[in-house]
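Input: a single structure, listed below in structure tokens.
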Amino acid sequence: MTQHDANGYMMQALEQARQAAARGEIPVGAVLVDAQSGEIIASSGNRTEAENDPAAHAEILVIRAGGRLSGAPRLPQCDLYVTLEPCAMCAAAISFARIRRLYFGAYDPKGGGVEHGARFYGQPTCHHAPEVYGGLHEGECAALLKDFFKNKRD
């Protein structure tokens, strides 16, 4: 994939979300990309249930993997693709990691921390705000979540 293939990266994140759903996890997927080379550095879906870890959101998992692989706690050369608007915890981690750009699929009026809720990047205590692009493959990302929760209720 080229460094400008945002649709392809989001499709990879959607695949991670589908795999998470198959494991019984809330279907959110994330892909961390080196913006210079276009290489996917890490990809994951949520693993909160599997790891008994409330912080094992897809975004956190790929940021941790990126830090390990790069040997650095900050990833300013990276872009993050995630199927759902990050929560406040993940928005903070994205800021602390100095992620260059954030692309997300579905908006999250209840739990989002970027365009909704805490609006982390708009707070005076936020030291780094990535460029944010929401709504990428929004319909497909939202449908995956809606179907997952509908099946849970049935």
Side-chain angles (χ1 to χ4, degrees), residues 1-73 75 77-97 99-117 120 130-154:
M1 277 184 240
T2 67
Q3 66 186 44
H4 301 292
D5 190 5
N7 290 321
Y9 297 130
M10 187 57 79
M11 296 309 290
Q12 292 286 320
L14 272 161
E15 179 55 31
Q16 290 296 322
R18 287 186 197 96
Q19 290 175 25
R23 294 190 306 271
E25 301 276 0
I26 294 174
V28 176
V31 172
L32 186 67
V33 177
D34 181 301
Q36 306 302 5
S37 70
E39 177 187 356
I40 293 176
I41 295 170
S43 59
S44 185
N46 278 355
R47 293 191 171 277
T48 57
E49 301 297 327
E51 295 185 13
N52 297 310
D53 179 357
H57 290 195
E59 300 96 308
I60 301 290
L61 296 172
V62 298
I63 289 169
R64 286 176 179 164
R68 281 191 302 273
L69 289 168
S70 71
L75 305 165
Q77 79 287 2
C78 291
D79 295 340
L80 179 65
Y81 295 80
V82 61
T83 57
L84 180 64
E85 175 185 347
C87 68
M89 173 185 71
C90 291
I94 291 164
S95 175
F96 296 158
I99 298 293
R100 184 181 83 128
R101 290 188 181 138
L102 166 64
Y103 298 86
F104 68 85
Y107 289 84
D108 188 356
K110 286 184 180 179
V114 177
E115 300 288 333
H116 297 90
F120 188 85
E131 290 179 34
V132 176
Y133 302 92
L136 188 62
H137 289 272
E138 180 180 5
E140 194 172 351
C141 293
L144 185 61
L145 286 154
K146 285 177 187 162
D147 290 347
F148 177 82
F149 287 112
K150 182 184 181 295
N151 290 336
K152 284 278 194 201
R153 288 189 300 271
D154 291 347

Least distance between heavy atoms, [X] atom then [Y] atom:
| X | Y | result |
| --- | --- | --- |
| I94 | P86 | CD1-CG, 3.9 Å |
| P27 | A17 | CB-O, 3.3 Å |
| E49 | E25 | N-OE1, 3.0 Å |
| S44 | A58 | O-CB, 3.5 Å |
| S70 | L75 | OG-CD2, 3.4 Å |
| V62 | L32 | O-CD2, 3.5 Å |

Checklist entry - Ion pair present between E85 and K110, side-chain N to carboxylate O less than 4.0 angstrom? => result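 Between K110 and E85 there is no salt bridge, as every charged N stays at least 4.0 Å from the carboxylate O atoms.
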
Next on the checklist: Please determine whether salt bridge (charged side-chain N to carboxylate O under 4.0 Å, His left out) holds for the pair E59 and R64, giving the CA-CA distance in whole Å, both sets of side-chain angles, and the decisive distance to 0.1 Å.
Outcome noted: CA-CA 9 Å; E59 300 96 308; R64 286 176 179 164; over 6 Å; no

Checklist entry - Without hydrogens or angle criteria, can the side chains of H116 and D108 be said to hold a donor-acceptor pair below 3.5 Å? => result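 The answer is no; no qualifying pair exists.
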
Checklist entry - Is it the case that Q12 and Q16 place a side-chain donor and acceptor less than 3.5 Å from each other? => result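 Q16 and Q12 do not have a side-chain donor-acceptor pair below 3.5 Å.
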
Checklist entry - Pick from Y103, Y81, Y9: which one makes a ring-ring contact (aromatic ring centres under 6.0 Å, His included) with Y133? => result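 Exactly one option meets the ring-ring contact (aromatic ring centres under 6.0 Å, His included) with Y133, and it is Y103.
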
Counting distance only, does the side-chain N/O of [X] pair as donor-acceptor with the main-chain N or O of [Y] below 3.5 Å?
| X | Y | result |
| --- | --- | --- |
| D34 | C78 | no |
| S95 | A91 | no |
| N46 | H57 | no |
| E115 | Y107 | no |

Item to check | M10 and C141: CA distance, side-chain angles, deciding distance, side chain to side chain contact (heavy atoms under 4.5 Å, CB included) verdict | outcome: CA-CA 9 Å; M10 187 57 79; C141 293; 4.3 Å; yes

Item to check | Among V31, L14, L145, side chain to side chain contact (heavy atoms under 4.5 Å, CB included) partner for T83 | outcome: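 Looking at V31, L14, L145, the match for T83 under the side chain to side chain contact (heavy atoms under 4.5 Å, CB included) is L14.
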
Item to check | Separation of D147 CG from L144 CG (nearest 0.5 Å) | outcome: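 That separation rounds to 7.0 Å.
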
Next on the checklist: How long is the straight-line distance from CZ of R100 back to CD of Q36, given to the nearest 0.5 Å?
Outcome noted: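 Here the rounded value is 6.5 Å.
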
I'd like to check [X] versus [Y] (side-chain heavy atoms, cut-off strictly below 4.5 Å). Are they in contact?
| X | Y | value |
| --- | --- | --- |
| R101 | L80 | no |
| L136 | F104 | no |
| I63 | F96 | no |

Checklist entry - Under the side chain to side chain contact (heavy atoms under 4.5 Å, CB included) criterion, do I41 and V33 qualify, and how do the steps go? => result CA-CA 5 Å; I41 295 170; V33 177; over 6 Å; no

Checklist entry - Is there a side chain to side chain contact (heavy atoms under 4.5 Å, CB included) between D53 and T48 once you walk through the steps? => result CA-CA 5 Å; D53 179 357; T48 57; 5.9 Å; no

